[in-house]
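What follows is a short report on a single structure.
Side-chain atoms are counted along with the backbone in the values below, which use heavy atoms only and exclude waters and symmetry mates. Below, read A as the first sequence line, B as the second, and so on, with proteins coming before strands; counting in each chain starts at 1.
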Amino acid sequence: MSEPPSPAGARPADDLSQDDLDLAQYESRLARPVSLKVADLQRGERLRHVIFSGQFTPALLEDLAETADTIRQLSKSATGQAFLTGLLSHKRAMLYFTQPSTRTFLSFMAACQILGITCNEVRDPRTSSETKGETRFDSIRMFSSYFDLIIMRSPLARLAESCAYLMNDLERSDQRSVPIINAGSGADEHPTQALLDIYTLQRTFNFENPHDSPVEKLEELQTAHGYADLRRGLANKCYAFCGDIGRGRTVRSLAMLLGAYEGVRLVFVSPDHPTLRMRDDLRRRLRDRGVKFHEVDSLEAEVDGQPVIERLDALYMTRVQQEHNNPEDAEAFAKIDFSRYKLTPALVTRMRAYAPILHPFPRDQHFGEIPPEIDRDPRAMYFRQARNGMWVRAALLAHLLDVDSQIRRQGLREFSERHEYSS
Amino acid sequence: MSEPPSPAGARPADDLSQDDLDLAQYESRLARPVSLKVADLQRGERLRHVIFSGQFTPALLEDLAETADTIRQLSKSATGQAFLTGLLSHKRAMLYFTQPSTRTFLSFMAACQILGITCNEVRDPRTSSETKGETRFDSIRMFSSYFDLIIMRSPLARLAESCAYLMNDLERSDQRSVPIINAGSGADEHPTQALLDIYTLQRTFNFENPHDSPVEKLEELQTAHGYADLRRGLANKCYAFCGDIGRGRTVRSLAMLLGAYEGVRLVFVSPDHPTLRMRDDLRRRLRDRGVKFHEVDSLEAEVDGQPVIERLDALYMTRVQQEHNNPEDAEAFAKIDFSRYKLTPALVTRMRAYAPILHPFPRDQHFGEIPPEIDRDPRAMYFRQARNGMWVRAALLAHLLDVDSQIRRQGLREFSERHEYSS
Amino acid sequence: MSEPPSPAGARPADDLSQDDLDLAQYESRLARPVSLKVADLQRGERLRHVIFSGQFTPALLEDLAETADTIRQLSKSATGQAFLTGLLSHKRAMLYFTQPSTRTFLSFMAACQILGITCNEVRDPRTSSETKGETRFDSIRMFSSYFDLIIMRSPLARLAESCAYLMNDLERSDQRSVPIINAGSGADEHPTQALLDIYTLQRTFNFENPHDSPVEKLEELQTAHGYADLRRGLANKCYAFCGDIGRGRTVRSLAMLLGAYEGVRLVFVSPDHPTLRMRDDLRRRLRDRGVKFHEVDSLEAEVDGQPVIERLDALYMTRVQQEHNNPEDAEAFAKIDFSRYKLTPALVTRMRAYAPILHPFPRDQHFGEIPPEIDRDPRAMYFRQARNGMWVRAALLAHLLDVDSQIRRQGLREFSERHEYSS
């Protein structure tokens, strides 16, 4: 019955830690396909936890965009501001970011603050409690004791999902339980980044606001510019992704979401190297869904008899994630002509007049995938994209905390006619 | 008259620093017994600074519990929330935590936010000003210039108390002065932890709410369960503390507070080793107060002819603070059978049906003093305890900032009949 | 066309980085004299960005002091507090402090919170985005996407100014643009410190409030104390600066601001060493403006046939910034009698009865330029100064965000007669 004489009777080192056992208990739930998990993360029609981009259907994306539009409109008037900041001023969020990301972190902070939610943060990879032997799940339950919402970013691929299941189990046994939002888990999922990419495309392809659309009038584009077949919305368009396709989790998530729209065509432009080109799992998932896609190694490559750069309706540039290079990649990478994966003013000139340029940011000044000369082109939508992220994350929070219909009603009260889109 | 040629005329190294002199000037006040200090920390009947758990009388503990109950009730309704977050929205707190503690820190943050207080923090062990030669007292006066309340946690045993005296002196000379709350000072005092332990026991021994009491109906316990003598309240009960009694400052504070209730019996369960068993000063203080207590080395040991585990009305488990082990302890500790100080499902089965299990948290997954299998037992009250801490700390802030009677009045306005206790 | 085979086609190392190019594009604007820049930093009569202390005219300083006085008055009543915290509760500030300063940081936090502004912070010298190759300007534009105001402190001398020009350019091209406040840039400028120094002098030389003026009644000073010529206000007074004149940027800024008042005389007291005495640029600028000043090496030195310590109307003490010592200074410094640059109770006794002692803080306990024995002298105004900083920074924010006239109107509504000055 006596313990081994290691420090104060600790378990032997080859044993599994309680942290390991905690995750292991959810193994069978974690192993299910996403489609089976989705119901676990909802309550009725409403999301309870946000873990995968696969939870966002086109219908929900429309709904969130409408809430986001209403929030940004309301934030322009004094009564709207007072309404918004009073809406959830009794709620407290925990931003638990053990994987650093200033951009995502600040965007969520701002989104919370727009709705009056008070923010708290833990950003150290190891909290003081963990150094005293506390399990991750005990930490999460501590956060759920004090706060009403946990927004978490972790290098552990499945942690956010497991925490959602922990919260579900607590809920079932009538104990305190709060929503979990995945703000990036390992190399795996970053659902709210995909959300803001989509929202940016939604606004651009509305052709209503000069800040969101390089050319604002759809009619003008159809006639004067000669894009006779151009229609509003995300369906039936050609989206090109350029750069580090293999390691870009935002590419993966956005591609899958776009694949749910009708008649969409995707083009992946990357060096033909296993680290950088599309991974098998995405290829398989797109095929399973019947999405049309092309893999090419240059923006000059032809698709439907036209160079990609001239054909695309939207261009999604990415940073080459060199901090994740393997030592064995170095030699092969030295032979790659990376200049093909950098945008230039000359290339931009050849793009369609209305086609937005997106980038998940940060961009890399040393690589130069988008040189700053391009920033002033009306097609450069990447700064706008950041602010869009704040609004649509606020809309997501409003959805989770069930105040979105209240927001819509307030919107209707304030604006008698249809929304005007502006900055 | 000229200074020695050390860097820019600094004082010689063997001199006392101004920091030392600052503390030295309070030496005579610091040396008094707690009972003499209490008046210095009050203004009339109301606490001004919170430094020692000895400041909490049973009457004050009842008062704080009632405020805490009212706050948690108000926080359930929209009007109650609006009332609470507007209450102190013009107040700004400084959380000055040079000794890290995520749990205590977040609990105070949440408590402040419930009442609308804005939080600011300094958590670096050395602020930038201190590296420029600023004294601790100058730092504290800077905080008191900008903020309305200082919540501090320091590895220096007497710093919080000295700061309270500094504030008293400023008040006397008609200068700006703010309340000081001790959120843990060295190995010495952690008064608000004792506060939340007591509040958890108060709620449990109210036998009113299924979330707080393993068995909710006192009558049922007296008849069906055969605990005919069981009564509401903290008096006349047996409290057992198990684990690291010697180094647990929460044990020390809680034991002293419980000793103020009538007919209480305390049992301390620890290995018979000078580092781990009760210290002389606590033993002496309990004897001086005439509190009945027992020291045993196992939960199976008999007290009043019954094994402790079956006899106790509440069990307070603790973590063995191995990070504070001395090198000379290692050999002796290797011979101790630490399994006696870990709770097991089998032991829990033998506990009284209503007896709550508490733990100051974090628990140690490697040592395993409470394995997670026990979490689902209705007697496991340690997660609940954390949330209780937030509410009672909010009540303490309300008391210090003199809005507690306003809260009670609002409570009466909102609930016509007596409080219902719920999550 | 192919890139050199360095990591993924990065630009060669001897190239200028984009960060360098970004700053270079503003070179011609940065090189202009301050007087030409001032208009760029205003919109009409109102400041848009706060970069230089040279932007503060005596008229603006009067205006800000009046707003600050009103804010502190309003903050004393419940209706005033509610008015203030509701005023800008929809605004979010970014405090971007890559050069640490706890004091300035907390003062701005408190100032924001007084007006209801929500604060966010980035304090790491390198954000996670910068390690991924993001330029400083991209970081600033990210902040401007999420927040309504950027308060920045940087070791780079011209960064805040360049960011103001970036924001101006964005504004011109109808893109999102927010105000920039310089909270300290390198060894160069710290305009809001000068602001709080001036505000402290304004309050002291109003002779109205016992907390702000060592002797409160001007009449009494003129008659009983024999200062027959003493008048209200900053003009026609003698200001002495003592200690590290060469490296004190607060000295430089304050001296220039005081030089704009009529009949002012400045005395600079420092060791006669090139590191510590007045720099040529300040000497030249004061001469250009026709300001009367003296350079002496002791508080005992005579000015107008009177020792400085007896002649001065206000004394500005400073810390010797030893962390900036050059190795070659060590030998020369060892020969300096630094005791001449430390205040003593004996010296204070000889000062005029009404003359305030200021210090930008932190003071250095090891050097001891102001020993704490002096803290209780009514002339010691340095703690008061800190709290003044909070109020006048709040006034500056109110000015920038155009709510100052709203504040004045509320002030008139609350107080029928003229302001009473109190703590």
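- At a 4.5 Å heavy-atom cutoff, the contact between C/Ser107 and chain B is made by backbone and side-chain atoms alike.
- Taken from OG1 in B/Thr135 to CZ in C/Arg363, the straight-line distance is 6.0 Å, to the nearest 0.5 Å.
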Worked check of side chain to side chain donor-acceptor pair (under 3.5 Å) between B/Asp138 and C/Gln365: CA-CA 10 Å; B/Asp138 274 7; C/Gln365 61 172 312; over 6 Å; no

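- Considering OG of B/Ser139 and CZ of C/Arg103, their distance stands at 7.0 Å, rounded to 0.5 Å.
- Within the structure, salt bridge (Lys or Arg N to Asp or Glu O under 4.0 Å) contacts touching residues 139-149 of chain B (residues at least two apart or in different chains) are B/Asp148-B/Arg176.
- Annotation for B/Cys119 and C/Gln113: closest pair O-NE2, 4.2 Å, computed over non-hydrogen atoms.
- Atom OG in B/Ser89 sits 8.0 Å away from atom CD in C/Gln81 (nearest 0.5 Å).
- Ranked by heavy-atom pairs under 4.5 Å with chain B, the list C/Ile114, C/Asp375, C/Thr118, C/Asn388 is led by C/Ile114.
- The minimum heavy-atom distance between C/Ala110 and B/Arg92, with the atom names listed, is CB-NE, 3.8 Å.
- Neither the backbone nor the side chain of C/Phe105 comes within contact range of chain B; no heavy atoms are under 4.5 Å apart.
- Taken from NZ in B/Lys132 to OG1 in C/Thr102, the straight-line distance is 8.0 Å, to the nearest 0.5 Å.
- Note on C/Asp329, C/Leu84, C/Leu106: by heavy-atom pairs under 4.5 Å with chain B, the leading option is C/Leu106.
- Within the 3.5 Å criterion, the main-chain N or O of B/Asp174 finds a donor-acceptor partner in the side chain of C/His211.
- In this structure, the portion of B/Phe147 lying under 4.5 Å from any heavy atom of chain C is its side chain and not its backbone.
- Interface remark: C/Ala386 contributes backbone and side-chain atoms alike to the contact with chain B (heavy atom separation under 4.5 Å).
- Heavy-atom distances place the side chain of C/Arg376, and not its backbone, under 4.5 Å from chain B.
- At most 12 heavy atoms of other shown residues, nucleotides or ligands fall within 6.0 angstrom of atom CD in C/Glu331.
- What you find for B/Glu134 and C/Pro362 is that their closest heavy atoms are OE2-CB, 3.2 Å.
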